[in-house]
Amino acid sequence: MALIDLFLGRFVKRGELTITHHDGRRVRFGTPDPDIRSVALRFTDAGVGSAIVRNASLGAGETFMDGRLLIEQGDVLDLVTLTTANDKWEAGQGRLEPSPGARAFNAVKYRLDRFNMERKAKRNVAHHYDLSDRLYALFLDRDRQYSCAYFTDPANSLEQAQADKLAHIAAKLAIEPGMRVLDIGCGWGGMALYLNKVLGAEVLGVTLSEEQLKVARARAAEAGVADKVRFELIDYRRVTGQFDRIVSVGMFEHVGPAHYRAFMRQCRDLMTPDGVMLLHTIGRLGQPGVTDAWTAKYIFPGGYNPALSEIVRAYEGLRMFPTDVEVLRLHYAWTIRHWYARAVAHEAEIVALYDERFFRMWTFYLAGAICAFEHGGMCNYQLQFSRSRAALPVTRDYMLTGERALQARG
């Protein structure tokens with residue numbers, strides 16, 4: 001019996017997985033489950049199984065991208081769902097994790113990779129965010145919010161949930177007209193433009209993506225607010241001045257643990273004495289860990305999702321008040337399900353932009369991300385900080401009141 005058969009036999013209990021080996025031998029694992037779609041795979045060569053046994057995520061991802069692991073029943077989301085549903089984070093099994101040796105190697109390798117000095121940080125950002133602008137237009141919402149949406153109802157559209165996310169964050173920032181706001185990791189400019197349009201803030205958005213910068217500046221010019229909403233290609237470490245509010249959404253994942261304290265110190269120094277900051281980041285529900293090898297290699301080089309304890313250590317002693325912490329558990333899974341469906345619907349266009357291997361890589365990435373929030377140990381944290389203990393109301397009521405008022409304005 002092949003080693004992969006022993007591995008899957010011990011691992012797959014819920015749902016039915018059928019493997020056809022390269023020699024035609026067929027093996028079935030697990031039992032049918034009404035909540036998990038059955039999946040059938042074909043291994044085109046003898047090396048597929050051993051690659052998966054060595055490192056499940058890296059091996060499955062690479063062999064799927066290369067067309068050596070073929071999905072004959074179901075799709076890649078069905079496959080990742082079946083495997084992760086058998087290894088839920090809260091069950092504490094960890095059966096899909098790499099071997100202890102591979103884990104130790106990865107811990108050293110990716111800890112070094114997460115030293116995101118300025119030049120390397122720009123290269124890492126370009127690897128992902130300087131892809132074709134057309135690609136992102138195919139699967140994101142109209143405002144191009146490439147971060148976790150906020151679902152007041154899981155049935156809401158992606159556009160509604162992303163608009164609600166902007167209102168949710170803006171309400172927490174308690175912005176008054178004319179305030180100066182710094183948007184660290186401004187993406188395609190949606191947050192900055194919203195804060196100016198709805199709340200009358202003057203915003204500086206900073207990014208390391210040249211492609212995002214072009215789009216953000218064009219949007220500000222088209223809206224006639226380029227004098228109030230500026231965008232610059234600059235590292236957060238090089239920003240100067242004083243800001244009443246700082247917002248950073250989906251950027252902290254690229255800072256790297258070695259630079260967390262420098263990031264927090266820079267934010268504190270950039271805030272006015274009554275300044276407020278909102279940090280939105282993917283995070284780990286448990287203890288610090290290591291970015292999986294496939295994601296670090298193909299999707300987010302230098303990327304790392306922090307544990308809450310790592311964020312806490314970063315601001316301890318800096319004399320900032322942690323004024324609010326919110327944990328979003330399923331919102332990102334719902335968000336990425338929309339992205340996945342849109343990417344699959346635009347398969348022909350994505351293949352034309354790149355090739356079939358890229359499309360398989362992208363859908364594997366999105367499928368894995370969905371399941372990391374549905375079954376794995378990932379969540380989103382929104383942390384609010386203030387330089388002053390009296391700058392914000394002492395209860396959270398203002399957040400809900402402000403959010404509802406912003407939602408009513410559309």
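Values below: every heavy atom of this structure, side chains too, minus hydrogens, waters and symmetry copies.
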Minimum-distance pair of heavy atoms, taken over all atoms of [X] and [Y]:
X    : Y    : result
L158 : D141 : CD2-N, 3.8 Å
A171 : G402 : CB-C, 3.8 Å
Y304 : P257 : CD2-CG, 3.4 Å
G187 : A216 : O-CB, 4.2 Å
G286 : A307 : O-CB, 3.4 Å
R237 : Q266 : O-NE2, 3.5 Å

Residues [X], [Y]: salt bridge by 4.0 Å N-O rule:
X    : Y    : answer
E316 : R313 : no
D5   : R25  : yes
E374 : K88  : no
R180 : D244 : no

side-chain contact (heavy atoms from CB on, under 4.5 Å) involving R268 - partner list, sequence neighbours excluded: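 Once residues adjacent in sequence are excluded, the partners of R268 under the side-chain contact (heavy atoms from CB on, under 4.5 Å) criterion are R265, L318, M320, R387.
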I need the single residue from V80, T335, L77, T81 that forms a side-chain contact (heavy atoms from CB on, under 4.5 Å) with I370. Which is it?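 By the side-chain contact (heavy atoms from CB on, under 4.5 Å) criterion, I370 pairs with just one of V80, T335, L77, T81: L77.
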Can you pull the ring-ring contact (aromatic ring centres under 6.0 Å, His included) pairs that have at least one residue in residues 368-400, sequence neighbours excluded?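 Output for this query lists Y315-F385, Y332-F373.
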Could you note down all residue pairs passing ring-ring contact (aromatic ring centres under 6.0 Å, His included) where residues 149-173 supplies at least one of them, sequence neighbours left out?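 The answer is Y150-H168, Y150-H331, F151-W334, F151-H338.
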First locate atom [atom1] of [X], then atom [atom2] of [Y], and finally report the distance between them rounded to the nearest 0.5 Å.
X    : Y    : atom1 : atom2 : value
T31  : L17  : OG1   : CG    : 12.0 Å
R28  : S38  : CZ    : OG    : 8.5 Å
D274 : R389 : CG    : CZ    : 13.0 Å
R42  : T18  : CZ    : OG1   : 11.5 Å
M251 : D183 : CE    : CG    : 10.5 Å
S147 : I169 : OG    : CD1   : 6.5 Å

Evaluate the criterion side chain to side chain donor-acceptor pair (under 3.5 Å) for residue pair T83 and D87; output intermediate values, then yes/no. CA-CA 7 Å; T83 56; D87 197 38; over 6 Å; no
Min side-chain heavy-atom separation [X]-[Y] under 4.5 Å:
X    : Y    : value
R284 : M378 : yes
Y340 : V344 : yes
Y194 : Q145 : no
M264 : I311 : yes
F359 : Y354 : no
L308 : L383 : yes
I52  : I4   : yes
V247 : I184 : no

Ring-ring centroid check W188 Y136, cutoff 6.0 Å: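 Yes: the rings meet the under 6.0 Å criterion.
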Are H254 and F300 close enough that their ring centers fall under 6.0 Å?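 Ring centroids of H254 and F300 are less than 6.0 Å from each other.
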Checking R144 against D133 for the salt bridge (charged side-chain N to carboxylate O under 4.0 Å, His left out) test, could you report, in this order, the C-alpha distance in whole Å, the side-chain angles of both residues, the deciding distance, and whether it holds? CA-CA 10 Å; R144 297 195 190 183; D133 187 54; 2.3 Å; yes
Using modelled atom types only, decide if a donor and an acceptor are shared between the side chain of [X] and the backbone of [Y] within a distance under 3.5 Å.
X    : Y    : answer
T281 : G250 : no
E16  : G30  : no
N86  : L82  : yes
R409 : V198 : yes
R245 : L173 : yes
R360 : M65  : yes

If you count every heavy atom of other residues, nucleotides or ligands that lies below 6.0 Å from E72 atom CD, does the total exceed 12?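 Correct, the count exceeds 12.
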Does a sphere of radius 6.0 Å around CZ in R37 hold more than 12 heavy atoms from other residues, nucleotides or ligands, not counting ones at 6.0 Å or beyond?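 Counting neighbours around CZ of R37, 12 or fewer heavy atoms of other residues, nucleotides or ligands fall under 6.0 Å, so no.
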Report the C-alpha distance between Y298 and E62 in whole Å, list the side-chain angles of each, state the deciding distance to 0.1 Å, and finish with yes or no for side chain to side chain donor-acceptor pair (under 3.5 Å). CA-CA 10 Å; Y298 291 100; E62 289 188 331; 2.6 Å; yes
Look at the aromatic rings of F358 and W362 and report parallel, tilted or perpendicular, splitting at 30° and 60°.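 The arrangement is parallel - the two ring planes meet at less than 30°.
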The test is side-chain contact (heavy atoms from CB on, under 4.5 Å); show your working for V276 and Q384 and say whether it passes. CA-CA 7 Å; V276 175; Q384 184 194 59; 4.0 Å; yes
Checking [X] now: which residues fulfil salt bridge (Lys or Arg N to Asp or Glu O under 4.0 Å) with it, not counting sequence neighbours?
X    : value
R357 : D66
R396 : D324
R342 : E159

So E202 and N196, side-chain contact (heavy atoms from CB on, under 4.5 Å) or not? Walk me through it. CA-CA 6 Å; E202 296 187 13; N196 170 260; 5.7 Å; no
Between the side chains of T401 and D397, does any donor sit under 3.5 Å from an acceptor?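 There is no such pair between these side chains.
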Check: D292/T295 side-chain N/O donor and acceptor closer than 3.5 Å: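 Result is yes, a qualifying pair exists.
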Just one of K172, K165, Q382 clears the side chain to side chain donor-acceptor pair (under 3.5 Å) bar with H280, so which one?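 Exactly one candidate clears the test, Q382.
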Between E310 and Y260, is the side-chain contact (heavy atoms from CB on, under 4.5 Å) condition met? List the steps. CA-CA 8 Å; E310 293 175 295; Y260 286 171; 4.0 Å; yes
Step by step, work out the salt bridge (charged side-chain N to carboxylate O under 4.0 Å, His left out) result for E211 and K214. CA-CA 5 Å; E211 292 301 316; K214 293 175 188 175; 3.4 Å; yes
Where do E326 and L328 land on the side-chain contact (heavy atoms from CB on, under 4.5 Å) test, with the steps shown first? CA-CA 7 Å; E326 183 175 11; L328 304 178; 3.6 Å; yes
